[in-house]
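Shown next, in structure tokens, is the structure this report addresses.
The residues of the chain are indexed from 1 along the displayed sequence. Side-chain atoms are counted along with the backbone in the values below, which use heavy atoms only and exclude waters and symmetry mates.
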Amino acid sequence: MSRYLDWLNERLPLSEFVEKHITGYPTPRNLNYSWNFGSVLGIFFVLQVITGVWLAMYYKPDANLAFDSIQHIMRDVNYGWLLRYLHAIGATGIFFALYVHMGRGLYYGSYKRPRELLWWIGLFIFMGFMAEAFMGYLLPWGQMSYWGATVITNLFTAIPFFGQELTVWLRGDFAVGDATLTRFYSFHTTIVPFAMLGGLIIIHLSALHKVGSGNPDGIEYSKKGPKMVPFAPYYITKDAWFIALIFTIYLYFVFLRPDAFIEPINNEPANPLKTPLHIVPEWYFLPFYAILRSIPDKLGGVIAMGGSILILALLPFIDRSPVRSSKYRPVKKVLTWIFFVDFVLLGYVGMHPPDFISPVGLRMATLGMIFTVIYFLYFAVLPVLPYFEKTKLPPPEEHTEGG
């Protein structure tokens, strides 16, 4: 075996690559469990690709056959129900891990120098997953799939000058139909997961290994200092334990509550002549859907929804404090937790009709406006925090030569 490995290493630097980027990769020793969600994301992505390829073998991207092909997979194909639920609930797992991963970066200032590019690539991956999930949601060709795609694609008509033409091009027709299904299936199974997401993830990991992982203290430790440990075996075992825990929860939903994240109405075939009483997207889109609805003007709502994502790209510029981690920034810590709670409340607003009366006596439309203002107010306050916030410093013994 050693002879074959030597032959391979002479022609391909496999051992060097493994040593540099996996086993010997220097990692801060004080990373908490929120850093493990990056590995969880990678595992979920691989699982989605595998189950997606398998499902594509039996799925029919035809408006007259799509819904029946899903029923065929669920009822007739051996273990088809299992692969379908693994894929459907895997999308929930990806977005849960993605939101925690991004929230950790927001809390610990992982967007600050020298990790600005790493943060921006991560945002592109986030938007890519949103596009992938949106197109995949249409494929079951159920009632909520059809009308959700109709509502979302109709938003593009708000774009001045060429909005109508763009909407027709996106749908492939003047209304969501067979051409839309074929296009979305093509993008969902080829270009987006392999060319875009796969490439961006590789670039993201390359940028991460160039600048190194951040840490809860926000200090740049020397790569050979006492605060660093090799990735293997320390974080490989920690990742393995945490992934096992997450997948235990994931498999609980797959086997015992498979319909927890599937709207019951989506088990009915798409009917263009019958509109559901309340059209809602998947849970991971609900906060942005609430922001969209909170603005009375259609174009204004689209701008607010798009701006709520794109404004994250400005964080390296608007957060001017020299201290990275919220752990040592008392005011930012409180504001960030308010922001997290506000994001969850926006999701709660998005899952109810605008006229629904909340437990506090206000209509959901009113609450949506309030929470939307709080969402954007967070980014408006960040630039002025350094002028009055009294930051703390880590204990002196935590500073190193590279800090």
Side-chain angles (χ1 to χ4, degrees), residues 33-61 65-101 103 129-130 132-146 148 185 188-189 192-193 197 201 236-270 276 280-286 344 347-348 350-351:
Y33 281 107
S34 64
W35 263 265
N36 292 90
F37 279 95
S39 299
V40 171
L41 269 171
I43 297 295
F44 268 124
F45 177 71
V46 172
L47 181 67
Q48 289 297 92
V49 171
I50 293 173
T51 55
V53 169
W54 188 91
L55 290 170
M57 298 177 187
Y58 297 92
Y59 179 77
K60 305 293 184 183
L65 302 174
F67 186 83
D68 290 337
S69 70
I70 295 293
Q71 303 308 309
H72 170 66
I73 290 171
M74 294 290 292
R75 299 170 187 272
D76 303 325
V77 178
N78 289 335
Y79 298 103
W81 61 271
L82 176 60
L83 271 295
R84 195 243 172 146
Y85 284 141
L86 285 171
H87 193 75
I89 300 176
T92 285
I94 277 185
F95 275 92
F96 176 76
L98 194 59
Y99 283 135
V100 176
H101 190 63
F129 273 126
M130 293 184 76
E132 178 76 346
F134 165 63
M135 290 183 288
Y137 191 55
L138 175 66
L139 301 188
W141 206 242
Q143 271 288 74
M144 197 60 72
S145 297
Y146 177 87
Y185 174 76
H188 182 76
T189 56
V192 177
L197 283 178
I201 290 171
I236 283 184
T237 53
K238 188 176 181 180
D239 275 345
W241 178 88
F242 193 75
I243 289 170
L245 174 63
I246 294 296
F247 267 70
T248 301
I249 301 171
Y250 167 61
L251 293 177
Y252 163 79
F253 283 100
V254 169
F255 289 107
L256 300 180
R257 300 205 49 200
D259 292 323
F261 303 104
I262 299 177
E263 287 286 336
I265 196 174
N266 214 34
N267 293 318
E268 300 177 14
V280 292
E282 290 284 76
W283 70 267
Y284 35 80
F285 292 142
L286 288 175
V344 173
Y348 172 76
M351 67 186 295

Notebook entry, point to check: Can you tell me how far the OG1 atom of Thr189 sits from the CE atom of Met135, to the nearest 0.5 Å?
Noted result: 9.0 Å
Note to self: Tell me every residue that passes side-chain contact (heavy atoms from CB on, under 4.5 Å) with Pro61, counting only those two or more places apart in sequence or in another chain.
What the structure shows: Tyr59, Tyr185
Check: So, does Tyr284 use its side chain to make a donor-acceptor pair with the main chain of Ile94 at under 3.5 Å?
Finding: no
Item checked: Residue pair Tyr85 / Asp259, side-chain heavy-atom distance below 4.5 Å -> yes
Notebook entry, point to check: Atom CG of Asn267 and atom CD of Gln71: how far apart are they, to the nearest 0.5 Å?
Noted result: 7.0 Å
Next item on the list: Look at the rings of Trp283 and Phe261 and say which category their plane angle falls in: under 30° parallel, 30 to 60° tilted, over 60° perpendicular.
Entry: tilted
Margin query: Using side-chain heavy atoms (C-beta onward) and a distance below 4.5 Å, is Arg84 in contact with Pro140?
Written below: yes
Give the table of side-chain donor-acceptor pairs shorter than 3.5 Å for residues 242-256, with sequence neighbours excluded, one pair per line with atom names and distance.
{"residue": "Thr248", "atom": "OG1", "partner": "Ala244", "partner atom": "O", "Å": "2.7"}
{"residue": "Tyr250", "atom": "OH", "partner": "Leu86", "partner atom": "O", "Å": "2.6"}

Checklist line | Side chains of Glu268 and Phe67 in contact at under 4.5 Å (non-hydrogen atoms) | finding: no
Check: Would a 4.5 Å heavy-atom cut-off, applied to side chains only, mark Tyr33 and Val100 as touching?
Finding: no
Side-chain donor-acceptor pairs under 3.5 Å in residues 37-56, sequence neighbours left out?
{"residue": "Ser39", "atom": "OG", "partner": "Asp239", "partner atom": "OD2", "Å": "2.8"}
{"residue": "Gln48", "atom": "NE2", "partner": "His87", "partner atom": "O", "Å": "3.1"}
{"residue": "Thr51", "atom": "OG1", "partner": "Leu47", "partner atom": "O", "Å": "2.8"}
{"residue": "Thr51", "atom": "OG1", "partner": "Gln48", "partner atom": "O", "Å": "3.3"}
{"residue": "Thr51", "atom": "OG1", "partner": "His87", "partner atom": "ND1", "Å": "2.9"}

Notebook entry, point to check: Roughly how far, to the nearest 0.5 Å, is the CE atom of Met74 from the CG atom of Leu82?
Noted result: 10.0 Å
Check: Is atom NZ of Lys238 surrounded by more than 12 heavy atoms (other residues, nucleotides or ligands) closer than 6.0 Å?
Finding: yes
Checklist line | Shortest non-hydrogen contact between Met351 and Val280, atoms and distance | finding: O-CG1, 4.1 Å
Notebook entry, point to check: Heavy-atom distance under 4.5 Å between the side chains of Asn36 and Trp241, does that happen here?
Noted result: no
Check: Heavy-atom distance under 4.5 Å between the side chains of Phe134 and Met130, does that happen here?
Finding: no
Notebook entry, point to check: Which pair of heavy atoms, one from Ile265 and one from Gln143, lies closest together, and at what distance?
Noted result: O-CB, 3.4 Å
